[in-house]
Amino acid sequence: MRIHVWNAFASNNSGSYTIVGRFPTEELAARVAAELSQVLEEHERWRGSPGSRHEEPENPSPLRVLTQTYSLTQSEADLADQGELRVWSTGHQVFLHDPWTLTLQDSYEEYLRVRGGKVETRIRHAHGCIVSLFELHGTLPKKTKAETVSAVVEELYADDGPLVTLAPFDVQPAWREGSRPGEPVLTLGAVFQDLDLAPGYTAVEGIARRHGLRVSVRVSEDQSPGDPLAWLRPSHPPLERKLFDVWILEAGFSSKEVARRLTELRRGGYIDGPTVLKWIPDAVLKRLTRARAEQAVKFLREGGANAEPRPAG
């Protein structure tokens, strides 16, 4: 008898692509992001129109018009599906992020330069999560600095705050108050999912601005096997409110339904029924506010699970 054994790996061509540009003023960054966002929206509508697959001189795509207007490099990629590409600005920075692409044409980086910016970060074809490091800068009176920083953290971690509603379970946010000259007032690390990057950035910046602080963001791909934010832990200042974990004790009549609901709550990767059964009993959501923990417990119980909130350790 002859036995043959093969060892193979599946091909995966999907990945995210991120470009970060920096501009001399916040106003210019906002204008550039708005202009490019409008072009992408028009391009998506154009692709759905009759004849868009056969671009003619009298019916150029909006992206083609953009490249011609600014004398940018043109390619057949101008006809590609750009429906997942998102553009937004935060402070002096403009962010382009596509969660599912092989590459982005050079014209995007050229456009940022032509409009007066410089490209400071490129993350090409990433398969890991995008780690966002927010640096909050500003001049605060010494007497009120600690109070202001604590207020910012509490807002970020409010029931409707971005660190509660948008941050996934897998990597908990972390932060550190600056104490040395030249350091940011607050450094915050978070790992938002692809579709939550823009709303997450906008929410963090909005809270910072309400307290007189400006935001700069550094992005990187998480390629480490451990916690990418371990260097920021334990977070300081600590939260004033008590936090809670959500425990599942039993899956009930349908582990598949509980897994579906848990996947939604964790804002992370796919979870199946057998995985849920392996976890039980354990904390499946951690460090939530009381209200969010109670909402999650109710949602899981409606799916048949025996779940309960417990004070976070």
### Message
Could you measure the distance from the CD atom of E177 to the OG1 atom of T148? Nearest 0.5 Å is fine.
### Response
9.5 Å

### Task
Compute whether any side-chain donor of one residue and acceptor of the other, for Y157 and T289, lie under 3.5 angstrom apart.
no

### Message
Would R209 and E26 count as a salt bridge (charged side-chain N to carboxylate O under 4.0 Å, His left out) here? Give the steps.
### Response
CA-CA 13 Å; R209 285 186 181 277; E26 294 184 358; 2.7 Å; yes

### Message
Between the side chains of E294 and R292, is the shortest nitrogen-to-carboxylate-oxygen separation below 4.0 Å, so that they form an ion pair?
### Response
no

### Query
Is L40 close to V87 at the side-chain level, that is, under 4.5 Å between some pair of heavy atoms?
yes

### Message
Could you check whether H97 and T18, counting side-chain N and O atoms only, form a donor-acceptor pair closer than 3.5 Å?
### Response
yes

#### Entry: L239 side chain reached by V153 side chain, heavy atoms, under 4.5 Å
yes

### Shortest non-hydrogen contact from A251 toward I280
N-CD1, 3.5 Å

### Message
Please check: side-chain N/O of T73 versus main-chain N/O of D106, any donor-acceptor pairing under 3.5 Å?
### Response
no

### Message
Quick one: does any side-chain atom of E221 pair with a main-chain N or O of H127 as donor and acceptor, under 3.5 Å?
### Response
yes

### Query
Charged N to carboxylate O under 4.0 angstrom, E110 versus R113?
no

### Heavy-atom check, side chain of P24 versus side chain of L28, under 4.5 Å
yes

### Query
Quick one: do R233 and D227 make a salt bridge, cutoff under 4.0 Å?
yes

### Message
For G303 versus F253, what's the shortest heavy-atom pair and its separation?
### Response
O-CZ, 3.6 Å

### Query
Is it true that a side-chain atom of S235 and a backbone atom of P238 form a donor plus acceptor pair closer than 3.5 Å?
no

### Query
Taking atom CD of E35 as the centre, does the number of heavy atoms from other residues, nucleotides or ligands within less than 6.0 Å exceed 12?
yes

### Evaluation steps, side chain to side chain donor-acceptor pair (under 3.5 Å), between T121 and R22
CA-CA 9 Å; T121 304; R22 181 173 291 276; over 6 Å; no

### Message
For the CD atom on E250, are there more than 12 heavy atoms of other groups (residues, nucleotides or ligands in this structure) within a distance under 6.0 Å?
### Response
no

### Query
Has the side chain of H92 got a donor or acceptor atom that lies under 3.5 Å from a matching backbone atom of F23?
yes

### Query
Side chain of E183, backbone of R180: donor and acceptor closer than 3.5 Å?
yes

### Message
Can you confirm whether the side chains of Q93 and Y201 place a donor and an acceptor under 3.5 Å from each other?
### Response
no

### Message
So for atom CZ, which belongs to R290, do other residues, nucleotides or ligands contribute more than 12 heavy atoms lying within a distance under 6.0 Å?
### Response
no

### Side-chain donor-acceptor contact under 3.5 Å, R31 with S89
no

### Message
For a salt bridge (charged side-chain N to carboxylate O under 4.0 Å, His left out) check, start with the C-alpha distance between E205 and R214, then their side-chain angles and the critical distance, and finish with the verdict.
### Response
CA-CA 7 Å; E205 183 185 32; R214 62 186 185 278; over 6 Å; no

### Task
Please confirm whether the backbone N or O of D98 pairs with a side-chain atom of R86, one donor and one acceptor, at under 3.5 Å?
no

### Euclidean distance, L133 CG relative to L232 CG, rounded to 0.5 Å
6.5 Å

#### Entry: Test item: V191 and D222 side chains (from C-beta on) under 4.5 Å apart, heavy atoms
no

### Task
Compare all side-chain heavy atoms of L136 with those of V149 and state whether any distance is below 4.5 angstrom.
no

### Query
After noting the C-alpha distance and the side-chain angles of K145 and E147, does the key distance pass the salt bridge (charged side-chain N to carboxylate O under 4.0 Å, His left out) rule?
CA-CA 5 Å; K145 178 177 178 290; E147 180 181 347; over 6 Å; no

### Message
Any heavy-atom pair between the side chains of I271 and V284 that's under 4.5 Å?
### Response
no

### Message
Counting C-beta onward and ignoring hydrogens, is there a side-chain heavy-atom pair between R218 and E120 closer than 4.5 Å?
### Response
no

### Message
Is it the case that the side chain of W175 and the backbone of P237 share a donor-acceptor pair, with hydrogens and angles ignored and the cut-off at 3.5 Å?
### Response
yes

#### Entry: Backbone of A198 reached by a side-chain donor or acceptor of T202 within 3.5 Å
yes

### Query
Does the D245 side chain pair with the main chain of R287, one donor and one acceptor, at a distance under 3.5 Å?
yes

### Query
Which heavy atom in P162 sits nearest to a heavy atom in G200, and how many Å separate them?
CB-O, 4.5 Å

